[in-house]
Each structure stands twice: as C-alpha cells, then as structure tokens.
Amino acid sequence: MPSYVVTGASRGIGLQFVRQLSADPSNTVFGLVRNKGTSQRLLALAHARSNVHVLEADVTDAARLRAAAAEVAKLTDGTLDCLVNNAAYVQETRRAYDLTTYSEKDEDDLLAADFDAAFRVNVLGVAYATNAFLPPLRAAASPFTSTTSASTAANPAKVITLSSGIGDVDLTRALRFAGQAAYCASKAAVNMLVAKYAARFAEEPLVFLALSPGLVDTSTRAPTPEELEFAVEFIERGKEVYPEWDGRPISPEVSVRAMLEVIGKVGREDSGAFVSHWGNKQWV
Ligand SMILES: NC(=O)c1ccc[n+]([C@@H]2O[C@H](COP(=O)([O-])OP(=O)(O)OC[C@H]3O[C@@H](n4cnc5c(N)ncnc54)[C@H](OP(=O)(O)O)[C@@H]3O)[C@@H](O)[C@H]2O)c1
C-alpha cells in the first residue's frame, strides 16, 4: 500500500496532489495542514475517501512535524514511500518591491520580514519536514523491510520538493525578472538543499527531487489592477523566452498530473536534480 505525505494540503497544488493520489484506493495519503479549521475542502475529501488522513503541522514547527511523522508511521507499519514538500510562503506580487525599492522607501524591516518568512518556510521548513519523515522513508527503502536489496531497490522512497522556475538563475536572466526576490532566492536555496540531501543519501535507495509545477492558477480571488499589470508584463516576457507558449497558466489538475508522471519515472540517477513538470528545464 503506497503511502504519501503532502504538506500544505489545504488548497492549491497540495490539495490537488491529495485528490489525485487518493483516487487510487490502494494509496494511503496524508494531507498536512497548518490549520484544519481553514482546510474545509481537504476535510470534505477525507470524509469521502477513507484513504485520506488529515494532520495538523506548520512546517516551521519541527516538534509538531515529528509528532505528525509518528502518527503517520502508526498507520503505515512505520514506513513512508513519498514525501511531497509542497507548503510554501508565496511572496505577495508587489511589483515595486524589487530589492532596491525597499531601501528607497526605508523599508528595511519589510525586506527582513520577507526574507525571514521565505527562508523559514521554504527552506528551513523543507529541512524540518524532510528530517521528521526520514525514519519512515528510510524504513520503506530499507533492505530489511523491502523485498529488494538497497542497491537494486526498484522503487526507492522519494522526497519531492516543490520549487519554482523563477528560482532558476538562467530563466531569471532571460526574463529580466527582478520581482519577488525573497521568494525566488528561497527557491534557488531549496534546490541546493535538495542536492545536499541527495549527496548525503547517495548510497541509500532514496531519491530527492526539486520539481517546478509550471505556472499554475491557484488564485483564490480576482487580481488587483496592479497584480494584473504585473502578470501581463511577466507573461509577455515569458512569451519572448518561449515563443511557442500560449501565455496561459495551467490548472492544478494539469500540473499535478504532469508532475506525478515525472515523480513516477525519477530514479536514483536523478537524485538531487531540479526539473520542471515536463521532467526537464522547460519551465512553462
Ligand atoms: N502556483 C504556481 O504557479 C507555482 C509556481 C511555481 C512554484 N509553485 C510552488 O508550488 C507549491 C504550491 O503552490 P500553490 O500555488 O499551491 O501555493 P498556495 O496556493 O499559496 O498554497 C500554499 C500552501 O502552503 C501552506 N502553507 C503556507 N505556509 C505554511 C506553513 N508555515 N506551514 C504549513 N503550511 C503552510 C498554505 O496553507 P494555508 O492554507 O494555511 O495558508 C497552503 O496550503 C509551493 O511550493 C509554490 O512555491 C507554485
């Protein structure tokens, strides 16, 4: 019975991961949310499907994550096949806030707050969650609990971390995209974190992958005029880099379907890589 943990499962891409994974009744899927009270759609899914479980954990709370891992292990014979580090602090699209405008407006505290939140959730939170779930992941991949040996295990345990194309240095240069600096820097940093875990566990049947979902519409409200202007400019630049692109964000359904295909195919030789939902460096 393959088991999955998805962080940030209250909405957006995380909720869609739980939805698609739990459509197969042989999967056991745990959605981690920081607040059950604001996770009605996930709770409704768990009510409708007995293979969906909801646990509360903020990814900045290492002790709570370890407690969640213990709860998962109780229901999975101590093993976990796949952790999806999806939760993120997504920096508001404040067009003005490229790195220089903070200092022009005497907003050093705001700059610090943005960096603190982005790195605490998107980098440290991934390390906390990964460390908390390593024992059941390693147990799933262990030669003593699996039927194959560590060196030949056909289905290594996987840690998939949602990154972003706008954390890619080459795309940033091509787009000339100066906005959302704290968020983008945190995604570039988490790519390195993923490579570090891959290096640490190179000898074990564990795969670590940084995965970008593409440009996905997970909005929960209509954009403000400023956000719309920002989005139009971003998309125009994107079309210069990718002339074949239609400029439309994809749905969470389409993104997660593509990512699950990539996740199904990745093997130990890919561990530590950063790829898109296409399984390569095409970011839209
Ligand atoms: N959408 C895109 O186009 C896009 C593009 C590139 C990369 N990504 C990445 O894909 C992932 C999902 O994106 P999304 O668009 O679905 O994001 P989203 O709609 O903003 O949802 C973010 C999720 O993370 C949770 N979260 C935030 N801080 C948390 C914390 N401290 N502890 C636990 N959970 C926390 C939120 O929970 P609450 O409901 O409690 O706030 C929510 O479930 C993120 O890693 C994002 O960076 C998205």
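Whatever order the structure lists them in is the order used to number ligands and atoms, beginning at 1.
- The protein non-hydrogen atom at the shortest distance from atom 1 (N) of ligand 1 is Val216 O, 3.2 Å.
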Checklist entry - Could you walk me through whether Ile235 and Lys239 pass the side-chain contact (heavy atoms from CB on, under 4.5 Å) check? => result CA-CA 6 Å; Ile235 286 167; Lys239 282 162 108 175; 4.0 Å; yes
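- Nearest protein heavy-atom contact of atom 19 (O) of ligand 1 is Arg11 NH1, 3.3 Å.
- Going from atom NE2 of His53 over to atom CG of Leu32 covers 12.5 Å, rounded to the nearest 0.5 Å.
- For Ser163, the heavy-atom gap to ligand 1 drops under 4.0 angstrom.
- Salt-bridge annotation for Glu203 and Arg268: absent, with no side-chain N of the basic residue lying under 4.0 Å from a carboxylate O of the acidic one.
- An N or O contact shorter than 3.5 Å is missing between Tyr89 and ligand 1 by distance.
- Ser164 OG, 3.4 Å is the protein heavy atom nearest to atom 6 (C) of ligand 1.
- Taking any N or O of Ile13, backbone or side chain, at least one lies under 3.5 Å from an N or O belonging to ligand 1.
- Between Glu233 and Arg237 there is a salt bridge, since at least one side-chain N of the basic residue sits less than 4.0 Å from a carboxylate O of the acidic one.
- Closest to atom 31 (N) of ligand 1, if we only count protein heavy atoms, is Asp58 OD1, 2.9 Å.
- For Asn35, the heavy-atom gap to ligand 1 stays at 4.0 angstrom or more.
- Looking only at side-chain heavy atoms (C-beta outward), Phe30 and Val54 stay at 4.5 Å or farther from each other.
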Checklist entry - Please walk me through it: do Val84 and Leu162 pass side-chain contact (heavy atoms from CB on, under 4.5 Å)? => result CA-CA 7 Å; Val84 181; Leu162 275 277; 3.8 Å; yes
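- Ligand 1 is never approached by Thr7 to a heavy-atom distance shorter than 4.0 Å.
- Among the atoms of Thr38, none of the N or O lies under 3.5 angstrom from an N or O of ligand 1.
- Atom 35 (C) of ligand 1 has Ala87 CB, 3.7 Å as its closest protein atom, hydrogens excluded (heavy atom only).
- Here the protein heavy atom with the shortest distance to atom 27 (C) of ligand 1 is Ala88 O, 3.2 Å.
- Here CG of Leu111 is found 8.5 Å from OG of Ser103. Values are rounded to the nearest 0.5 Å.
- Nearest to atom 5 (C) of ligand 1 by heavy-atom distance, out of Gly214, Ser212, Ser186, Ser276, is Gly214.
- The atoms of ligand 1 that sit less than 4.0 Å from any heavy atom of Val90 are 20 (O).
- Between the side chain of Tyr242 and the backbone N or O of Trp283, at least one donor-acceptor pair lies under 3.5 Å.
- Residues Glu240 and Arg176 are paired through a salt bridge, judged by an N-O separation under 4.0 Å between the basic side chain and the carboxylate.
- Leu80 and Ile160 fall into different hydrophobic clusters, defined by Ile, Leu, Val, Met, Phe, Trp and Tyr side-chain heavy atoms under 4.5 Å apart, directly or through other members.
- Close placement of the Phe177 and Phe234 rings is indicated, their centers lying within 6.0 Å of each other.
- Residue contacts with ligand 1 leave out Gly165, since none of its heavy atoms falls under 4.0 Å from the ligand.
- Ligand 1 lies out of reach of Gly125, whose nearest heavy atom is not under 4.0 Å from it.
- Inclusion of Thr60 in the set of residues having an N or O under 3.5 Å from an N or O of ligand 1 is not warranted.
- Residue Gly8 approaches ligand 1 through these ligand atoms, each under 4.0 Å from one of its heavy atoms: 23 (C), 24 (O), 25 (C), 43 (O).
- Residues Val190 and Leu134 share a single hydrophobic cluster, defined by chaining ILVMFWY side chains whose heavy atoms lie under 4.5 Å apart.
- Looking only at protein heavy atoms, the nearest one to atom 14 (P) of ligand 1 is Thr218 OG1, 3.8 Å.
- Looking at Val121 next to ligand 1, no N or O pair under 3.5 Å apart turns up.
- Protein heavy atom nearest atom 47 (O) of ligand 1, with residue, atom name and distance: Tyr183 OH, 2.5 Å.
- The shell of residues lying under 4.0 angstrom from ligand 1, judged by heavy atoms, excludes Arg120.
- Residue Leu215 has at least one heavy-atom neighbour below 4.0 Å for each of these atoms of ligand 1: 3 (O).
- Near Asn86, meaning under 4.0 Å from any of its heavy atoms, are these atoms of ligand 1: 11 (C), 12 (C), 44 (C), 45 (O).
- Using modelled atom types, one finds no donor on one side chain facing an acceptor on the other under 3.5 Å when comparing Thr79 with Asp77.
- Between the Lys158 side chain and the Val266 main chain, a donor and an acceptor come within less than 3.5 Å of each other.
- The pair Arg257-Glu253 does not meet the salt-bridge criterion, since no charged nitrogen lies less than 4.0 angstrom from a carboxylate oxygen.
- Distances below 4.0 Å separate heavy atoms of Ser10 from the following atoms of ligand 1: 37 (O), 38 (P), 39 (O), 42 (C), 43 (O).
- The heavy atom nearest to atom 8 (N) of ligand 1, out of those in Gly14, Gly31, Ala117, Pro213, is found in Pro213.
- Every atom of ligand 1 with a heavy atom of Gly12 under 4.0 Å away is listed here by number and element: 16 (O).
- The backbone N or O of Asp81 sits less than 3.5 Å from a side-chain atom of Ser3, completing a donor-acceptor pair.
- Considering backbone and side-chain atoms together, Val59 places an N or O closer than 3.5 Å to an N or O of ligand 1.
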